[in-house]
Amino acid sequence: MTFLNQALAYGALASAIPLILHILNRSRFRTVQWGAMHLLESIIRVNHKRFQFDQLILLLVRCAIPVLLAVCLARPVLTGSRILEGNAPVSLVILLDTSYSMNAVDASESRYAKALDAACSILSSVGRGSQVAVIRTGGGPTPLFDQPLFEPEAVIRRLRQTRAGYGASDMPAALDQALVTLSGMTHARRRLIVISDFQTGDWDVSGKNSMESIRQRIRSMDIPPELIFLRTGSPVSGNISVDSLDVPRRALGVGQQAIVRAAIRNHGTSEIENARVVLRIDGVEASMSQMNLSAGGNTQALFPCAFEQPGSHVIEVEVITDDPLSDDNRLAAAVTIWDSIPVLLVDGDPGAQPLQSETDYLSIALTPFTFGRVRLSDLVAAQTIQPKDLTETLLQKSRVVVLANVAKLDAEQLSALTGYVESGGSLLVCAGNRLDLNWYRDRMFAEGTGLLPAAFGTPRGQIDGSGNSSRIVTQRYDHPALEFFNEPKNGDLSAAEIRRWYELLPVREGGSSTESVPSAEQHGNTSRESVILARLDNGDPFLIERRFGDGVVMQMATACDADWSDLPMRPFFVPLMQQLVTTLASQVSPGRNIVAGEPAVALFAADTDGTSDGTGSEVTLSIVTPDGSRRTVNAAPRGNLLLARFDGTQRPGVYTLTLPSAKPLHFVATTSRRESELDILDNSGLADLAESLDAEISESVSRYLEQDRLRRHGREIWKTVLAALLAFMFLELVLQQRFAGVRT
Amino acid sequence: MPHSVLHLELIPSPQITPVAMTHISDVLTSNDIGKFASLQVLARQVVEGFCAGLHRSPHKGFSVEFKEHRSYVPGDDIRTIDWKLYGKTDRLYIREYEEETNLRCTILLDSSGSMAYSGSRSQGLTKHDYAVRTAASLAYLMLQQQDSVGLVTFDKQVRRYIPPRARPKHLHAILSELQRQKPEFETELGTVFHEMVTKIHRRGLLIIISDLFADVDQLMKSLAQFRHANHEIIVFQIWDPDELDFPFRQWTQFESLETVSRRHLVDPAQLRRAYLEKLAQFREQLAGGCSRQRISLVPMTTDQPHADSLAAFLALRGRSR
């Protein structure tokens with residue numbers, strides 16, 4: 001035990017005062033000549049020993065009172081065996097939950113504000129020479145500093161500038177990184193503090209196995225750290241979130257109407273009537289709707305919209321409501337509006353007569369207004385060339401390249417085409433009678449390593465229709481290129497008769513060719529595997545897609561003219577080709593709608609911006625992050641293009657990259673809406689979690705600091721001593737009264 | 001005999017101080033005498049006496065007042081035969097007379113050491129001084145009403161016994177004896193009273209003035225002997241206020257007034273309650289014993305004028321007669 005006011009402890013010497021008074025009283029007695037001795041003596045005779053004992057007890061109590069008073073004023077501190085640790089420095093890692101659920105407001109203050117205060121309080125309380133590190137968990141573990149610091153003040157200053165609003169916390173990964181950080185720290189006393197709202201989702205996803213592995217890892221460390229959970233949130237309900245925002249995945253031109261679909265979820269238990277839902281384009285309100293949001297249900301809001309200017313735009317849907325968490329009330333998406341899409345049509349079977357060339361129907365379908373000489377402008381600007389004219393320069397100026405019945409290309413052309421697709425270009429390969437199947441199989445498919453998603457196999461059917469013709473299977477299409485035809489009024493693809501086609505032998509991941517490939521609905525379009533978009537009624541693939549490098553290649557089993565099918569004769573041929581080409585063109589790679597944490601990559605032609613001298617020198621750009629800060633990004637040459645990459649996209653929101661031409665390029669980082677479920681672990685759940693990780697739970701930062709003080713300094717017990725003092729004073733009164741009532 | 005009426009010359013009231021006492025005026029002031037001038041100590045029961053007085057005698061014989069005739073029976077004194085009536089009736093009748101007799105009062109004064117206590121509230125008057133003044137007052141009163149008064153002073157034994165006399169000059173003897181008394185030695189009430197039972201043959205009034213600091217059972221046995229001899233007993237118990245409320249606070253060494261070797265150093269606050277309980281128990285035992293023996297127990301405290309206490313008691317006794 002130690003004393004905070006040690007000098008006052010010497011006041012305990014005052015305990016001698018009652019003793020001295022007692023002795024003085026006994027020595028300075030008065031003498032009375034007394035008559036009624038027979039009354040006195042009978043009492044004294046019976047109670048003589050008891051009088052002495054009572055006096056002793058009373059004297060002890062009276063001596064204890066000044067001792068207790070002195071001890072109380074000296075502020076005693078109880079210390080246990082850990083007093084030896086004292087103010088020893090500690091290696092401390094704080095896992096600070098910065099997910100957007102921490103912005104939920106409960107009791108007039110956000111969870112993050114409380115967490116921030118708690119973290120700063122803890123950092124302020126560490127002993128001199130302590131080594132500290134803070135790892136933000138939102139959107140993936142992110143250290144506040146690259147290295148742990150010995151200056152808690154610097155960490156606090158930086159910490160005060162941080163905000164929550166990141167994506168879901170990956171707690172197992174964060175714990176893992178924290179343990180790695182701790183293992184590299186210097187002090188023997190190690191502590192890991194998790195400050196979070198302990199959302200159910202953040203910990204449920206990890207499962208018991210990962211918790212057990214973390215526990216084992218902690219135990220296997222040379223110096224296992226103390227793990228402490230500090231919760232800063234309390235349960236709230238009634239959250240509204242915009243869960244998803246569907247924008248057209250095909251390329252959009254100026255003036256083209258697009259439908260934006262927002263999925264809105266009411267997490268609360270009561271219906272919200274007439275909620276205002278607003279659509280904004282580039283921050284300007286473009287449309288508004290009012291709708292009822294049923295309790296615990298999803299509601300879709302549809303907004304038609306059109307864009308007047310080409311370029312990069314941001315559309316945003318926001319629910320205007322007063323719920324505890326506003327971060328998820330809005331959701332944005334980046335949209336690229338094309339002025340025109342340059343499409344290069346490589347005609348492998350040119351003809352002198354109209355509609356005799358392989359690409360005539362296709363060209364008309366892609367540029368109907370131009371062909372019809374109406375005053376409306378086409379989105380697609382098609383250029384038809386012969387295979388021998390295909391050059392790298394032409395390729396770089398094109399967004400989509402169509403190989404229509406091209407027999408084969410020379411090696412240089414193939415190399416240029418491969419590079420074009422790898423760097424983000426789109427290629428549509430249509431079959432035909434002129435194809436050099438061997439060349440396609442060996443060079444274009446190359447056992448799955450080439451451009452083609454499938455090898456052209458056995459030709460089926462007859463040109464004149466004498467053989468078994470086939471038709472496209474009617475189904476629900478999930479690929480954006482074909483989903484247009486999910487509406488029957490937009491045409492029936494099965495109406496077309498496919499007289500001749502090639503059997504397509506697609507490639508799976510690993511390179512082997514097989515028939516069994518996933519369909520579009522089974523597979524995301526980011527896979528490197530071939531995806532069958534549509535089949536013929538005999539089971540053969542009709543349209544196959546596969547990503548190659550940053551680009552995409554689509555392969556059609558039949559020709560694009562009227563020789564092998566009557567597709568060009570069908571009314572849906574125009575929208576079909578338009579959809580295919582614009583969808584290929586819209587596969588902007590890298591994408592502008594990214595998951596938070598993924599890099600924002602822009603690939604742009606330096607020439608088109610007019611700022612590059614064509615020598616491929618590096619350019620410095622600036623990017624504005626969602627929190628309003630401006631960062632610099634270096635754009636490095638990549639072929640004839642410039643590539644800018646920005647990795648700091650952990651925070652969901654809009655990132656605006658300003659190109660050298662001053663044109664903005666928008667990226668929208670989104671994150672899982674798992675954090676919108678504001679349910680937090682209840683006390684038993686948190687206790688179970690703590691038990692599974694051998695962790696302690698601190699109910700509040702003050703409680704933690706108290707425990708920490710106790711750990712380091714001990715417990716102040718002046719209140720207890722004060723209570724004892726009052727008890728002794730009361731006891732003295734009681735004893736005095738009681739001892740006067742001796743036996744007679 | 002007619003009632004005796006007090007006719008005293010009024011004397012200025014002196015301060016009550018323990019001074020030498022050779023005259024009643026040293027003890028009783030004119031105011032004090034006035035308080036019980038019209039009162040007499042009346043024996044509650046018939047007492048034996050020779051002189052005519054206020055008290056009716058149970059004896060029939062030589063008296064002044066005829067009571068009745070009764071038939072002669074063999075053995076009667078032939079001197080009591082009414083010969084005149086014999087001449088008229090030819091029957092032998094005895095004349096019986098009823099005589100009035102005086103009261104024989106004996107005052108027993110405790111002169112033991114415990115009577116020497118004087119507290120701060122008794123104006124320097126010891127209990128013994130107070131008792132002496134009370135005894136003197138009573139003696140004066142008795143003699144004034146033609147009753148005989150005796151005095152016994154004692155501590156652990158009888159110091160002096162003055163038999164009762166009714167002569168006015170007897171007061172001087174009593175007062176002289178009272179003046180000579182100094183409180184000392186231990187108390188042996190039981191022994192003294194037992195001794196006095198044999199000395200006081202004729203029944204009468206016994207007035208005991210004492211603090212009664214003795215064993216209650218033994219005391220009661222002695223008093224019972226007096227009662228058995230048909231004495232009426234009045235006990236004036238003298239208290240100092242200090243003995244009743246035990247006002248001491250600081251550490252005190254109590255030394256016995258009767259035995260020098262008995263001393264105790266105690267914290268009075270520690271035993272005050274016990275003392276008071278013990279005192280109440282003692283007084284209760286005394287009161288109960290006296291009540292059973294039909295003895296009048298009159299507590300008197302030295303901070304009250306003894307004449308007042310005495311007058312109040314006599315007035316109460318007169319009403320109850």
Side-chain angles (χ1 to χ4, degrees), chain A residues 14-66 728-744, chain B residues 110 112-120 126-128 183 186-187 189 210-216 219 238-240 242-244 246-283 302:
Chain A
S15 63
I17 293 175
L19 191 61
I20 294 169
L21 287 177
H22 181 76
I23 294 171
L24 283 177
N25 279 335
R26 291 203 61 155
S27 60
R28 294 183 179 179
F29 58 87
R30 59 179 289 197
T31 301
V32 172
Q33 302 291 322
W34 188 246
M37 285 302 279
H38 72 294
L39 297 177
L40 270 185
E41 286 179 333
S42 63
I43 299 168
I44 294 172
R45 188 171 56 250
V46 173
N47 298 285
H48 176 66
K49 290 188 177 178
R50 183 171 175 179
F51 282 157
Q52 287 184 333
F53 180 73
D54 291 351
Q55 284 171 5
L56 179 63
I57 295 291
L58 207 54
L59 184 62
L60 289 176
V61 170
R62 285 170 177 167
C63 288
I65 287 173
F728 267 68
M729 292 174 73
F730 181 72
L731 179 66
E732 196 268 346
L733 281 176
V734 171
L735 289 179
Q736 199 175 10
Q737 295 296 318
R738 182 179 177 79
F739 291 164
V742 294
R743 284 178 292 152
T744 57
Chain B
D110 184 356
S112 66
S114 64
M115 293 293 285
Y117 184 76
S118 172
S120 59
T126 66
K127 290 197 295 182
H128 189 263
E186 296 179 60
T187 318
L189 289 180
S210 168
D211 54 13
L212 301 180
F213 287 170
D215 181 72
V216 177
L219 175 64
I238 312 299
W239 290 100
D240 188 274
D242 289 354
E243 293 170 337
L244 294 177
F246 206 66
F248 311 104
R249 290 290 178 268
Q250 66 184 88
W251 279 78
T252 306
Q253 178 164 284
F254 291 94
E255 292 181 356
S256 174
L257 284 165
E258 298 182 350
T259 308
V260 178
S261 60
R262 291 164 64 185
R263 62 184 65 180
H264 298 282
L265 179 61
V266 295
D267 179 9
Q270 198 172 15
L271 50 76
R272 180 172 183 271
R273 183 187 296 177
Y275 173 85
L276 294 179
E277 289 177 2
K278 188 75 178 176
L279 174 68
Q281 183 183 349
F282 173 67
R283 297 183 69 178
T302 56

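The model shown is predicted, which means the values in this text are computed figures rather than measured ones. Chain identifiers are assigned alphabetically (A, B, ...) following the order of the sequence lines, protein sequences preceding nucleic acid strands; residue numbering begins at 1 within each chain.
Residue contact with chain A, scored on non-hydrogen atoms closer than 4.5 Å, is absent for Asp215(B). Only the side chain of Phe282(B) comes within less than 4.5 Å of a heavy atom in chain A; its backbone stays farther off. Looking at Glu243(B), the atoms closer than 4.5 Å to chain A (heavy atoms on both sides) sit in the backbone and in the side chain alike. Only the side chain of Ile44(A) comes within less than 4.5 Å of a heavy atom in chain B; its backbone stays farther off.
In this structure, the separation between CZ on Arg272(B) and CZ on Phe246(B) is 9.0 Å, given to the nearest 0.5 Å. Rounded to the nearest 0.5 Å, atoms CZ (Arg50(A)) and CG (Leu271(B)) are 12.5 Å apart.
Trp251(B) approaches Pro268(B) most closely through the heavy-atom pair CA-CD, 4.0 Å.
Judged as a side-chain contact (heavy atoms from CB on, under 4.5 Å), and not counting sequence neighbours, the contacts of Ala16(A) are Ile20(A).
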